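This is a predicted model, so every value here is computed, not measured. Start at 1 and go down the list; that is how both ligands and their atoms are numbered. Along the sequence shown, residues carry numbers from 1.
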Amino acid sequence: MNTTETIRKRRSIRKYKHGAIIPDDDIKTILEAAMFAPSACNTRPWEFIVLKSEQAKQTAVKIHPYAKHLNDASIGIIVCAKTELQSGISEGFFPQDCGAAVQNILLQSLELGYGSCWCGIYPGENCVPAFKKNFNIRCTPIALVVIGIADETPAVRGFYDENKVTVL
Ligand SMILES: Cc1cc2nc3c(=O)[nH]c(=O)nc-3n(C[C@H](O)[C@H](O)[C@H](O)COP(=O)(O)O)c2cc1C
């Protein structure tokens, strides 16, 4: 699948084949894709927590209001921001940097044959402290990415909208 196809085929998947295993090599490829994302001044202000165990997944399901689909998925990845790595001209760009990392995770997952779903954490008033407390996270949790074998094929929702474009 090339980039043009991957971008246009991606959908948020909320139904997964229960019990499917993602090999460690694929998990590494997905994390590597995340770490290839651009970041302000190349500060790479990210850290990743892979939720593989049932216990870890269930904890995330309990504290995230819109991620029940992690129950049947293979793994979750919490993308966190190390905000202290950014100062001066890079200060405060971490949501963009981590967003780019999340998008790379979604696209790489699809190319490897997995479905995924971006579940936002930051800047949720309740969600951020809940993830910090339950997973003992010292930095800032930005998003929970759910990944597994898709058990649905939702129609593509993206489309080109000329009204969103200004050419100067
Ligand atoms: C910042 C952000 C937060 C999101 N949070 C959730 C979420 O908590 N739970 C969920 O099921 N989907 C979540 N989504 C997925 C969106 O609902 C989805 O991307 C959107 O409806 C478009 O559908 P598509 O991804 O299939 O194109 C989130 C997406 C983004 C970018």
Check your understanding: Quick one: does Arg8's side chain get under 4.5 Å of Val156's, heavy atoms only?
Key -> no
Exercise for review: Looking only at protein heavy atoms, identify the closest one to atom 22 (C) of ligand 1 and say how far it is in Å.
Suggested key: Arg157 NH1, 3.9 Å
Exercise for review: Decide whether an N or O pair under 3.5 Å exists between Gly120 and ligand 1.
Suggested key: yes
Practice item. Check each atom of ligand 1 against the heavy atoms of His69 and keep those under 4.0 Å away; list them by number with element. Key: 11 (O)
Review point. Is there a side-chain contact between Pro154 and Arg14 (heavy atoms, below 4.5 Å)?
Key: no
**Study point:** For Cys117, the ligand 1 atoms whose distance to one of its heavy atoms is below 4.0 Å
**Key:** 10 (C), 11 (O), 12 (N)
Exercise for review: Taking the side chain as every heavy atom from C-beta outward, state whether Ile63 and Lys133 have any atom pair closer than 4.5 Å.
Suggested key: no
**Study point:** Gln86-Thr43 side chain donor-acceptor pair, cut-off 3.5 Å
**Key:** yes
Point to revise | Side-chain donor or acceptor of Lys68 paired with backbone N/O of Val61 under 3.5 Å | key: yes
Check your understanding: Using heavy atoms and a threshold below 4.0 Å, how should the contact between Pro154 and ligand 1 be classified: side chain, backbone, both, or neither?
Key -> neither
Practice item. Report the relative orientation of the aromatic rings in His64 and Tyr66; use parallel for angles under 30°, tilted for 30 to 60°, perpendicular for over 60°. Key: perpendicular
Review point. Which protein heavy atom lies closest to atom 29 (C) of ligand 1, and at what distance to 0.1 Å?
Key: Trp118 O, 3.7 Å
Practice item. Distance to 0.1 Å, residue and atom name: give those for the protein heavy atom nearest to atom 9 (N) of ligand 1. Key: Tyr66 O, 2.9 Å
Practice item. Determine the interplanar angle of the Phe94 and Tyr122 rings, folded into 0 to 90°, and report it as parallel if under 30°, tilted if 30 to 60°, perpendicular if over 60°. Key: perpendicular
Revision key, fill the gap. Near His64 (heavy-atom distance under 4.0 Å), the atoms of ligand 1 are 8 (O)
**Study point:** atom 18 (C) of ligand 1 - nearest protein heavy atom and its distance
**Key:** Ser12 OG, 3.4 Å
Check your understanding: Which is it for Arg11 and ligand 1 at heavy atoms under 4.0 Å: side chain, backbone, both or neither?
Key -> both
Exercise for review: Among all protein heavy atoms, pick the one closest to atom 27 (O) of ligand 1 and tell me residue, atom and distance.
Suggested key: Arg10 NH2, 3.0 Å
Check your understanding: Is the closest side-chain heavy-atom distance between Ile30 and Val145 below 4.5 Å?
Key -> no
Review point. Do Asn2 and Glu5 have side-chain heavy atoms sitting under 4.5 Å apart?
Key: yes
**Study point:** Protein heavy-atom partner closest to atom 17 (O) of ligand 1 - residue, atom, separation in Å
**Key:** Arg14 NH2, 3.1 Å
Check your understanding: Of the protein's non-hydrogen atoms, which lies at the shortest distance from atom 7 (C) of ligand 1, and what is that distance?
Key -> Cys119 CA, 3.6 Å
